[in-house]
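Read the structure below first, then the notes.
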Protein chains: 2
Amino acid sequence: MKQTILCLDMEWVLTPEIWEEVSKNTGIKELMLTTKDIADYDELMNYRKLHMNNNWLTLSKIQEVISTIDLLPWAIDFMNWAKDNMQVVILSDTFIEFAKPLLKKMWNPTIFCHNLIIEDNKIVDYKLRIKDQKTEAVKRFKELNFNVIAAWDSFNDTGMLNEANFWFFFKPGKKATDAFPNIPVAQSYEELKTFIEKSL
Amino acid sequence: MKQTILCLDMEWVLTPEIWEEVSKNTGIKELMLTTKDIADYDELMNYRKLHMNNNWLTLSKIQEVISTIDLLPWAIDFMNWAKDNMQVVILSDTFIEFAKPLLKKMWNPTIFCHNLIIEDNKIVDYKLRIKDQKTEAVKRFKELNFNVIAAWDSFNDTGMLNEANFWFFFKPGKKATDAFPNIPVAQSYEELKTFIEKSL
């Protein structure tokens, strides 16, 4: 009868990808790039900063765009179900300044994420809260005697996923399922709920 | 620019005291006793079990009573403000089976608490998630590089309170303020908000 913490990624699992939406909305194509294109995160962020600044893209403008993004269909129902039945913590490598307008649409669930460094409404840098925060969080939850379930779209966060008591793919790409053929794959919230219920 | 987790007690800070309300509502006076009357928690719980069973008080009946309890006035506004500005985790020694109807009234914030062991709708025992769970949780949050603020009504949880980066009394008794004369005392959510804002 261990209590459960469900750890979820925010983007792709509950919301669209933020940078992609910002890119589409502002027409700055360079912001479409992800770690799939530039593997080194710091290099990618420097590239993004360069193109935001070249285009005079302020934090307020980005937040304005983000606040127009809808949650994924049925995400709110899934979250309500999950919060009724266990604890839920979003573990995301996004920045709190970006996540806020989206979190508000789900009554602000708990999120562990990072920070942007802002000067005069301009994104000048970012600050990771701690290195490998997702793995560290899952470890700590387990130390607090929680059963930790993780639902993820990719396998980038292998450290964290291996640490969890149970993990499931949510609408993963082929690369992910090829790499981890034994991990259960949920293509919908209904399927994910079934997996989770069996792991409580 | 550390991110903050605000740790709150549930009863007294956000909701009335559950056992007190159950006692008043069911007329079972023995359920009014707290650790102030029987210091040993296990002894107190055995006493409560005895009197619940003597009075055929089922879990469903207790949950029915709890679901009629209102949050404290303005608690929801305080929670909304807090969740807009930081992460909030309720650390409580209540049981999830009791807390649920009250949590639902605040859109299910994250809570770390304990479990009851139920057989045939009867409370036969309880299970602490881990020993000294509040201190352990605050320690873990700090390890995850959060600034931890705690707002509490009493000083029973000294271990936890000393561990937090900042702590404040919320409507404490005289015994608490006598024991810790240097801890800031908030008599209202507005005052508490002022203290918290200065500690972000």
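Residue numbers begin at 1 in each chain, while the letters A, B, ... track the order of the sequences.
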**Q.** Contacting moiety of Leu128(A), where chain B heavy atoms sit under 4.5 Å
**A.** neither
Q: Look at the rings of Phe146(A) and Phe112(B) and say which category their plane angle falls in: under 30° parallel, 30 to 60° tilted, over 60° perpendicular.
A: tilted
Q. Under the 3.5 angstrom rule, does the side chain of Arg129(B) hit a backbone N or O of Leu144(A) as a donor-acceptor pair?
A. yes
Q. Near Trp81(A) CH2, under 6.0 Å, is it more than 12 heavy atoms from other residues, nucleotides or ligands?
A. yes
(Q) Show the nearest heavy-atom pair for residues Asn145(B) and Ile130(A), with the distance to one decimal. (A) CB-CG2, 3.2 Å
**Q.** Over 12 foreign heavy atoms within 6.0 Å of NZ, Lys142(A)
**A.** yes
**Q.** Exceeds 12 heavy-atom contacts within 6.0 angstrom, atom NZ of Lys2(A)
**A.** yes
Q.
Does any backbone or side-chain atom of Lys83(A) lie under 4.5 Å from a heavy atom of chain B? Answer side chain, backbone, both or neither.
A. both
Q.
A quick test of your reading: do over 12 heavy atoms of other residues, nucleotides or ligands sit less than 6.0 Å from NZ of Lys105(B)?
A. yes
Q) Should Ile196(B) and Trp74(B) be regarded as members of a common hydrophobic cluster, given that ILVMFWY residues are connected when their side-chain heavy atoms come within less than 4.5 Å of each other, either directly or indirectly? A) yes
Q: Heavy atoms only: give me the nearest His114(A)-Gln3(B) pair and the separation to one decimal.
A: O-NE2, 3.2 Å
Q: Measure distances from Lys139(A) to the heavy atoms of chain B and classify the residue's part below 4.5 Å as side chain, backbone, both or neither.
A: neither
Q.
Using heavy-atom distances under 4.5 Å, tell me whether Leu103(A) contacts chain B through its side chain, its backbone, both, or neither.
A. neither
Q: Decide if atom CD of Glu197(A) counts as having more than 12 heavy atoms of other residues, nucleotides or ligands within a radius under 6.0 Å.
A: yes
(Q) Can you tell me which of Asn115(B), Ile5(B), Asn80(B) forms the most heavy-atom pairs within a distance under 4.5 Å of chain A? (A) Asn115(B)
Q. Hey, which of Val89(B), Ile111(B), Ile117(B), Val88(B) has the most heavy atom pairs under 4.5 Å with chain A?
A. Ile111(B)
(Q) Test of understanding: clusters of I, L, V, M, F, W, Y form through side-chain heavy atoms closer than 4.5 Å, transitively. Do Leu8(B) and Phe155(B) belong to the same one? (A) no
Q) Of all of Lys127(B), Lys100(B), Glu143(B), which one pairs up most often with chain A through heavy atoms under 4.5 Å apart? A) Glu143(B)
Q) Are more than 12 heavy atoms from other residues, nucleotides or ligands located less than 6.0 Å from atom NZ of Lys49(A)? A) yes
**Q.** Portion of Ile90(B) that has a non-hydrogen atom of chain A nearer than 4.5 angstrom
**A.** neither
Q: State whether the number of non-hydrogen atoms from other residues, nucleotides or ligands found under 6.0 Å of Asp120(A) atom CG is greater than 12.
A: no
**Q.** Taking every non-hydrogen atom, the tightest pair across Ile96(B) and Gln87(A)
**A.** CD1-NE2, 3.9 Å
